[in-house]
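In what follows, a single structure is set out as structure tokens and then discussed.
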Amino acid sequence: MPHARDVMGDVILMLGGTAEGRAVAQALLDRGIPAMLSLAGRTSLPLTAGPVRSGGFGGVDGLADYLRAENVSAVVDATHPFAASMTRNAVQACTQVGVPLVRLARPGWSNHPLAEQWLWVAGHEEAAQVASELGEPLLLTVGRLHTLDYVDRLADRRVVARVAEPPSGVLPPDWQLLCARGPFTFSGEKELFAEHGFTGLIAKDSGGSHTEAKLEAAAEQGAAVVMIRRPEPPQDLIEVSTIEEVVDWLP
Ligand code: NAP
């Protein structure tokens with residue numbers, strides 16, 4: 001794959017849906033670098049100053065067509081660490097068209113001081129199965145898109161499902177929906193754990209600091225943590241972890 005400096009084009013395509021995506025878009029805007037922020041269009045549009053497009057591209061070929069049509073000079077994939085399909089599509093489309101691609105991924109929590117105490121699982125199905133053995137109530141923090149994956153296994157448990165925006169489906173009667181958007185503080189999380197007396201927390205290895213406080217609150221409460229591993233990134237993908245590194249990499 002070519003480096004960003006070797007390619008001429010009109011605009012940087014930012015694949016977002018995360019705080020990092022918005023921050024990179026803003027950093028480029030501040031430097032006068034033309035950039036388009038792309039969002040999947042699943043949630044309400046965030047407040048951003050620069051241009052935004054919304055909705056899928058239509059798979060690898062759709063994205064490749066977009067890169068050609070808009071004369072995209074480089075792609076920054078700042079999607080969530082669990083948005084594996086978009087990342088895979090970006091790798092294939094950028095390779096096809098010869099557009100440089102960098103992945104901005106915040107470090108995960110695998111080196112967190114508490115990581116060895118957690119029950120690491122490979123995906124949502126295993127997480128639901130392990131969580132079903134943890135008693136109740138449970139705090140479920142897997143995001144709007146995957147909350148409903150837990151309904152079958154945990155239908156008869158008391159579950160607090162915390163999401164930024166409500167899932168599109170009916171939740172069991174013993175479930176409570178808690179709509180809240182991070183960053184969350186340790187004191188707030190401690191209070192939430194004490195109020196409900198959670199026996200378990202289900203979380204994704206999202207990394208970053210916005211949602212990290214729940215991990216310490218769980219430890220303090222003695223609640224088990226079911227932690228879903230990140231999907232493996234495609235091979236040969238250039239990965240950086242800071243906005244400064246993205247900006248340095250750009251043409
Ligand atoms: P995904 O499984 O990797 O993507 C599914 C499809 O959604 C993609 O194939 C693509 O459709 C479209 N898409 C995803 N991100 C897009 C973007 N930035 N711009 C345009 N189209 C996009 O992703 P997901 O897990 O459903 O997540 C959807 C979005 O929510 C992502 O942008 C991600 O950054 C954000 N998000 C995800 C999570 C999570 O835990 N998964 C958490 C927070 C935020 P086409 O194939 O039609 O192009």
Side-chain angles (χ1 to χ4, degrees), residues 11-25 28 35-46 48 50-70 72 74-94 96-97 99 101-106 108-109 121-125 127-128 140-150 161-169 179-184 202-212 214 226-234 237 239 246:
V11 67
I12 309 288
L13 177 64
M14 290 283 326
L15 302 171
T18 54
E20 288 85 352
R22 284 195 296 282
V24 180
L28 300 186
M36 171 66 75
L37 176 61
S38 174
L39 303 171
R42 309 257 172 82
T43 54
S44 34
L45 283 180
T48 38
V52 177
R53 68 164 296 287
S54 178
F57 296 95
V60 175
D61 291 344
L63 177 55
D65 289 346
Y66 181 93
L67 299 177
R68 288 190 198 95
E70 300 298 322
V72 171
V75 176
V76 179
D77 175 8
T79 55
H80 191 270
F82 279 79
S85 306
M86 190 65 251
T87 295
R88 209 169 38 241
N89 290 358
V91 169
Q92 289 181 32
C94 287
Q96 208 181 94
V97 182
V99 170
L101 167 71
V102 71
R103 168 104 177 108
L104 171 64
R106 59 183 104 139
W109 290 321
V121 297
H124 294 285
E125 204 180 318
L140 180 63
T141 60
V142 294
R144 186 179 75 93
L145 297 172
H146 289 285
T147 292
L148 297 176
D149 295 353
Y150 292 76
R162 184 168 69 188
V163 283
E165 293 189 16
S168 50
C179 288
R181 208 179 276 276
F184 299 103
I202 307 154
K204 296 182 297 195
D205 180 15
S206 299
S209 57
H210 280 204
T211 58
E212 191 182 355
K214 65 188 172 190
V226 181
M227 184 64 75
I228 303 166
R229 279 197 187 85
R230 290 178 172 203
E232 281 293 318
L237 181 58
E239 269 201 358
V246 171

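What you see is a predicted model, and the numbers here were worked out from it, not measured in a lab. Numbering of ligands and ligand atoms starts at 1, following listing order.
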Closest non-hydrogen protein atom to [atom], residue and atom name please, with distance?
atom: atom 36 (N) of ligand 1; answer: His80 CB, 3.6 Å
atom: atom 25 (O) of ligand 1; answer: Ala83 CA, 3.7 Å
atom: atom 47 (O) of ligand 1; answer: Gly58 N, 2.9 Å
atom: atom 48 (O) of ligand 1; answer: Phe57 N, 2.7 Å
atom: atom 26 (O) of ligand 1; answer: Arg42 NH1, 2.6 Å

In terms of atom number and element, which parts of ligand 1 are under 4.0 angstrom from non-hydrogen atoms of [X]?
X: Gly17; result: 34 (O), 35 (C), 36 (N), 44 (C)
X: Thr79; result: 18 (N), 32 (O), 34 (O)
X: Met86; result: 1 (P), 3 (O), 4 (O), 10 (C), 13 (N), 14 (C), 15 (N), 16 (C), 21 (N), 22 (C)
X: Arg53; result: 20 (C)
X: Gly56; result: 11 (O), 21 (N), 45 (P), 47 (O), 48 (O)
X: Gly59; result: 45 (P), 46 (O), 47 (O), 48 (O)
X: Asn89; result: 9 (O), 46 (O)
X: Ser38; result: 17 (C), 18 (N), 19 (N), 20 (C)

Ligand 1 to [X] polar contact by distance, N or O atoms, under 3.5 Å:
X: Val142; result: no
X: Ala78; result: no
X: Thr18; result: no
X: Lys204; result: yes
X: Leu145; result: no

Using a 4.0 Å heavy-atom threshold (strictly under), name the region of Leu63 that reaches ligand 1: side chain, backbone, both or neither.
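Neither part.
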
Ala84, portion touching ligand 1 at heavy-atom distance under 4.0 Å
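Backbone only; the side chain of Ala84 stays clear of ligand 1.
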
Report yes or no: does Gly143 have a heavy atom closer than 4.0 Å to ligand 1?
-> no

> Does ligand 1 have an atom that lies less than 4.0 angstrom from a heavy atom of Gly55?
Replying inline: yes

### Task
Please determine if Arg229 forms a cation-pi arrangement with Phe82, meaning its NZ or CZ atom is less than 6.0 Å from the six-membered ring centre and no more than 45° off the ring axis.
no

Is a side-chain N or O of [X] found less than 3.5 angstrom from the main chain of [Y], in a donor-acceptor match?
X: Arg53; Y: Gly55; value: yes
X: Thr79; Y: Leu15; value: no
X: Arg230; Y: Asp205; value: yes

Do Leu237 and Thr87 come close enough that some side-chain heavy atom pair is under 4.5 Å?
yes

A side-chain contact here means heavy atoms from C-beta on lying under 4.5 Å apart; do Val142 and Ile202 qualify?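 Val142 reaches Ile202 side chain to side chain.
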
Checklist entry - Within the structure, does at least one protein heavy atom fall under 4.0 Å of atom 40 (O) of ligand 1? => result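 So atom 40 (O) of ligand 1 has protein heavy-atom neighbours under 4.0 Å.
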
Note: Ser168 and Leu148 closest approach over all heavy atoms is O-CD1, 3.8 Å

| query | Does the separation of the ring centres of Phe184 and His210 fall below 6.0 angstrom? | reply | no

Parallel, tilted or perpendicular, judged at 30° and 60°: which one describes the rings of His124 and His146? parallel

* Short N-O contact, Arg103 and Asp77, less than 4.0 angstrom ->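 Judged by the 4.0 Å cut-off on N to carboxylate O distance, Arg103 and Asp77 do form a salt bridge.
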
